[in-house]
Every structure is written in C-alpha cells, then in structure tokens.
Amino acid sequence: MMSTAEESRVAAVTPLKLTGLVCAVLALCLDVVAVLSPAWVTADTHFSQSLWQACVRPASSPGTPWVCTWTLDSDWKIATVALLLGGAAIILIAFLVALISICQGTRRRFYRPVAVLLFAAVVLQVCGLVLYPIKFVETATMQTYHEFNWGYGIAWGATIFAFGGAILYCLNPKNYDDYY
C-alpha cells in the first residue's frame, strides 16, 4: 500500500490544470505579439500607431514612405506599456511556477499561487487595455475615422486566456484529482 504522500506524488496531472498551463502559454505568446504589434490604432490608409511609434504617410501621395515617430512621450502611454509588460512578466512567473510544480510532482501546493498570479496579471492588463483607448480618444487630434486594430485585440485575447487559466487553477483540485 502507498502512503498518502506517495499517492499525491504519483497522481496524474488533471486535464484542467494542463489546460490552464496551455492558457498561460497562449496568454504569454499573445502578449508578446500584442506588444510588438505595429497596429494598435489605424486611420484610413495613412496612419498607424503601435505602443512604440506612430507612423504617418501623406494622404496626397500614396507612394511615399511612412514617417514614424516615437510615441512614448506621455505618462499614459508609458503606463499602458508598463501595465502590459508587468502583466506579461507575472504570466511568465505563473507559467514557470506551474511548470516546475508539474515537473517536481508538487502540483497541489502551487495551484493557488498560480491562480493568484494569473489574476494579478489580468488586473494589470485590463487596467492598461482600458486606459489606452480612453486616453487615446481624449488626446487624439485626428480629424478622420480611426479604429483600434488587431494589436489591441490580441492584447485582449491574451488577457482572456490568462483569465481562463486563472479560473482553471481555481477549481478545487481535491474534487477533480480523485477522478484521474
């Protein structure tokens, strides 16, 4: 007969926790893509802004090259980048803790810390993703139609995956581990 300590070490990793780990990896990958994305805001065919730079092409001559300028010139832009990078760093830490706990066989002890880390990352990223459009619209001087583009959407996707991973790590492991 195995003791309880040995049983917990031999217990299989639940599909819920593996799915939570995959959600954390996807959130981290999407965060990297979103932060590096060249298109957070676009307007017609002559304006594109990322977190790092704004590029303009004169509307009168479509063949001319883009002219880009650095955009981290205001506090709210720096705060947005800091919140998104802080959230991504916390997701990375949560992923590493979850991965190490799976490899060492000490899974149950680390379910709650991983969930807390992922929820903290979600809070940071939601704050940054709400701050960005509010301040952009408040400070925008464009006279044309503009839209938040795929880079901004991918950042929301990363936040949703981190939230999903946090929920999966919150599920009571004692009730679910007994089935596997």
Peer 1: Flag yes if more than 12 heavy atoms outside D73 fall under 6.0 Å of its CG atom; otherwise flag no.
Peer 2: yes
Peer 1: Taking the side chain from Y152 and the backbone from L129, do they hold a donor-acceptor pair closer than 3.5 Å?
Peer 2: yes
Peer 1: Please report the interatomic distance NZ(K77) to CG(L51), rounded to the nearest 0.5 Å.
Peer 2: 10.0 Å
Peer 1: What pairs of donor and acceptor atoms, side-chain ones from residues 82-99 against any protein atom, are under 3.5 angstrom apart with sequence neighbours left out?
Peer 2:
none

Peer 1: Report yes if the side chains of I102 and L18 come closer than 4.5 Å at any heavy-atom pair, otherwise no.
Peer 2: yes
Peer 1: Taking the side chain as C-beta and beyond, is there a heavy-atom pair between H146 and V137 under 4.5 Å?
Peer 2: yes
Peer 1: Counting only N and O atoms by type, is there a donor-acceptor contact under 3.5 Å from the side chain of S37 to the main-chain atoms of W150?
Peer 2: no
Peer 1: Ignoring hydrogens and angles, tell me if any N or O in the side chain of T71 forms a donor-acceptor pair with the backbone of W52 under 3.5 Å.
Peer 2: yes
Peer 1: Under a single-linkage definition using a 4.5 Å side-chain heavy-atom cutoff for Ile, Leu, Val, Met, Phe, Trp and Tyr, are V22 and I100 assigned to the same hydrophobic cluster?
Peer 2: no
Peer 1: Following the transitive rule for hydrophobic clusters with a side-chain heavy-atom cut-off under 4.5 Å over Ile, Leu, Val, Met, Phe, Trp and Tyr, establish whether L118 and F161 coincide in one cluster.
Peer 2: no
Peer 1: Closest approach of T42 and S48, non-hydrogen atoms and distance?
Peer 2: CG2-OG, 4.1 Å
Peer 1: Where is the tightest heavy-atom contact between A162 and A27, given as atom of each residue plus distance?
Peer 2: N-CB, 3.7 Å
Peer 1: Mind checking the CG-OG1 spacing from L168 to T19? Nearest 0.5 Å is all I need.
Peer 2: 6.0 Å
Peer 1: F148 and side chain to side chain contact (heavy atoms under 4.5 Å, CB included): which partner among Y132, W40, W156?
Peer 2: Y132
Peer 1: Side-chain heavy atoms nearer than 4.5 Å, only ILVMFWY residues, links allowed to pass through others: does that put V116 and V114 together?
Peer 2: no
Peer 1: Counting only N and O atoms by type, is there a donor-acceptor contact under 3.5 Å from the side chain of T80 to the main-chain atoms of W76?
Peer 2: yes
Peer 1: Once you round to the nearest 0.5 Å, how far does CD1 of I154 lie from OG1 of T159?
Peer 2: 12.0 Å
Peer 1: Can L28 be reached from V25 by stepping across I, L, V, M, F, W or Y side chains whose heavy atoms are under 4.5 Å apart?
Peer 2: yes
Peer 1: What's the shortest heavy-atom distance between G151 and A34, and which atoms?
Peer 2: O-CB, 3.6 Å
Peer 1: L72 and I134: same hydrophobic cluster, using ILVMFWY side-chain contacts below 4.5 Å?
Peer 2: yes
Peer 1: So how far is it from K17 NZ to C23 SG, rounded to the nearest 0.5 Å?
Peer 2: 11.5 Å
Peer 1: Which pair of heavy atoms, one from C170 and one from A115, lies closest together, and at what distance?
Peer 2: SG-CB, 3.7 Å
